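Please read the structure below before turning to the comments.
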Amino acid sequence: MRYNVHMNTQEILKTLAELYPDAKPALHFSSPYELLVAVILSAQCTDERVNKVTAVLFAEHNTPSSMLQLSAQELERYIYSCGFYRNKAAHILSASRDIMEKYGGEVPSTLEELQTLAGVGRKTANVVYSVAFGGDAIAVDTHVFRVANRLGLAEGKTPEAVERGLMQAIPQNLWSASHHYLIWHGRRVCHSQRPACGECALAPLCKYRKQHP
Ligand code: SF4
């Protein structure tokens, strides 16, 4: 029988909601600006590590104006353990500069404006828009990309293609929740190297599992 993603989408989302009723971001933040910085730091880094770094950084610098008091080298020393610290420091400082110069010191609340900030890519903008401002968005990180492709929820070779596919497959009011569901499922069950298909509640609905029984 031909695999039909539309028949399965509702069931997959229902199961994910039952599995992860409390799915929410693991990053610690207390303002849109803190979230923006934490998301920039989280690229290729665990949320646990980011939380340790931001606990120290935000105690002293948690607004764009105070962040801009740091030189790139000073900021790099705070965030060194997150990896890719040179790029991340440059992105944090350039985004902070844009927030001060273009948006009066406040992180903008629309997806379009967030994407105008230097150093802020589409994924980061989506997360901030959805988590800090309650907008409907699906940020496609490595977990969302992998799990969406495996399940057959949205297939694509690029994060942008998967984002478009998910937005078509999932009702808009569930975009943000689905983003968290897919991340949690990727971390806990559908691992990159050895997905735990034998223990996965989604196995009967999963395209990858059907192809790799
Ligand atoms: S059945 Fe396997 S591949 Fe499919 S979602 Fe579950 S863990 Fe991932």
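Source: prediction; values computed, not measured.
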Quick check: do Gln10 and Leu13 have side-chain heavy atoms less than 4.5 Å from each other? no

With a 6.0 Å cut-off (strictly less than), is the heavy-atom count around CD of Glu106, excluding the residue itself, greater than 12? no

Is the shortest side-chain N to carboxylate O distance from Lys207 to Glu155 below 4.0 Å? yes

Just so I know, are the side chains of Ile92 and Leu41 near enough to count as touching, which here means a heavy-atom distance under 4.5 Å? yes

Kindly say whether Gly105 contributes a backbone atom to a donor-acceptor pair with the side chain of Ser65 at under 3.5 angstrom? no

Over all atoms of both residues, closest heavy-atom pair of Cys190 and Arg150: SG-NH1, 3.1 Å

Output for pair (Glu74 CD, Met67 CE), nearest 0.5 Å, gives 12.0 Å

Over 12 non-hydrogen atoms of neighbours within 6.0 angstrom of NZ in Lys14: no

Glu34 versus Thr54: any side-chain heavy-atom pair under 4.5 Å? no

Can you check side-chain contact (heavy atoms from CB on, under 4.5 Å) on Arg49 and Cys82, steps first, answer last? CA-CA 7 Å; Arg49 163 62 48 196; Cys82 288; 4.3 Å; yes

Could you see if Ile138 belongs to whatever hydrophobic cluster contains Val128? Use Ile, Leu, Val, Met, Phe, Trp, Tyr and a side-chain cutoff under 4.5 Å. no

Counting C-beta onward and ignoring hydrogens, is there a side-chain heavy-atom pair between Leu166 and Leu182 closer than 4.5 Å? yes

Ionic contact status for Lys88 with Glu76, cut-off 4.0 Å: no

Could you give the distance from OG1 (Thr9) to CD1 (Ile170), rounded to the nearest 0.5 Å? 7.0 Å

Distance only, no hydrogens: is a donor on one side chain within 3.5 Å (strictly under) of an acceptor on the other, for Ser96 and Tyr33? yes

Decide salt bridge (Lys or Arg N to Asp or Glu O under 4.0 Å) for Glu113 and Lys102; before the verdict, give the C-alpha distance in whole Å, the side-chain angles of both, and the deciding distance to 0.1 Å. CA-CA 10 Å; Glu113 289 171 320; Lys102 295 186 193 165; over 6 Å; no

One should read off an interatomic distance between Leu205 CG and Glu11 CD, to the nearest 0.5 angstrom, of 5.5 Å

Mind checking the CG-CZ spacing from Leu111 to Phe133? Nearest 0.5 Å is all I need. 11.0 Å

Donor-acceptor pair, side chain of Asn51 and main chain of Leu27, under 3.5 angstrom: no

Looking only at heavy atoms, which two atoms of Ile99 and Pro64 are closest? And how far apart? CG2-CG, 3.8 Å

What are the two closest non-hydrogen atoms of Ala139 and Val144, and how far apart are they? O-CG2, 3.6 Å

One pair to check against side-chain contact (heavy atoms from CB on, under 4.5 Å): Gln115 and Val120. What are the steps and the verdict? CA-CA 6 Å; Gln115 287 183 91; Val120 173; 5.9 Å; no

If you compare all heavy atoms of Ile40 against all heavy atoms of Gly119, which two are closest, and at what distance to 0.1 Å? CD1-O, 4.3 Å

Could you see if Val131 belongs to whatever hydrophobic cluster contains Ile183? Use Ile, Leu, Val, Met, Phe, Trp, Tyr and a side-chain cutoff under 4.5 Å. no

Please assess Tyr20 against His180 for the test side-chain contact (heavy atoms from CB on, under 4.5 Å), listing each intermediate value before the final yes or no. CA-CA 9 Å; Tyr20 309 115; His180 296 303; over 6 Å; no

Is the shortest side-chain heavy-atom distance between Tyr208 and Pro195 below 4.5 Å? yes

So how far is it from Lys210 NZ to Leu151 CG, rounded to the nearest 0.5 Å? 10.0 Å

Mutual orientation of the aromatic rings belonging to Tyr78 and His61 [parallel < 30°, tilted 30-60°, perpendicular > 60°]: perpendicular

Only one of Leu153, Val189, Ile12 passes side chain to side chain contact (heavy atoms under 4.5 Å, CB included) with Leu202; say which it is. Ile12

Side chains of Ser30 and Phe58, heavy atoms from C-beta outward: is any pair under 4.5 Å? no

Is Leu117 reachable from Leu75 through a run of hydrophobic residues whose side-chain heavy atoms are each under 4.5 Å from the next? yes

Could you walk me through whether Lys52 and Asp47 pass salt bridge (Lys or Arg N to Asp or Glu O under 4.0 Å), step by step? CA-CA 9 Å; Lys52 282 189 181 144; Asp47 290 347; over 6 Å; no

Which is it for Arg146 and His143 under the side-chain hydrogen bond (donor to acceptor under 3.5 Å, both in side chains) test, yes or no, and what are the steps along the way? CA-CA 5 Å; Arg146 178 179 73 254; His143 300 295; 3.1 Å; yes

Any side-chain heavy atom of His212 sitting closer than 4.5 Å to one from Cys197? no

Glu101 (side chain) donor-acceptor with Asp98 (main chain) under 3.5 angstrom: no

To the nearest 0.5 Å, tell me how far Trp184 CH2 sits from Leu16 CG. 12.5 Å

Check Tyr129 against Ala137 and note the closest heavy-atom contact, atom names and distance. CD2-CB, 3.8 Å

Counting only heavy atoms not in Glu48 (residues, nucleotides, ligands), do more than 12 fall under 6.0 Å from its CD? no

Would you say Trp175 and Leu35 are hydrophobically clustered, going by side-chain heavy atoms of ILVMFWY under 4.5 Å? no

Walk me through whether Thr158 and Val140 qualify under side-chain contact (heavy atoms from CB on, under 4.5 Å). CA-CA 9 Å; Thr158 64; Val140 177; over 6 Å; no

Check the side chains of Thr116 and Tyr103 for a donor-acceptor pair under 3.5 angstrom, ignoring hydrogens and angles. yes

Any side-chain heavy-atom pair from Met167 and Asp136 closer than 4.5 angstrom? no

Please tell me whether Val127 and Val107 are part of a single hydrophobic cluster in this structure, the criterion being side-chain heavy atoms less than 4.5 Å apart. yes

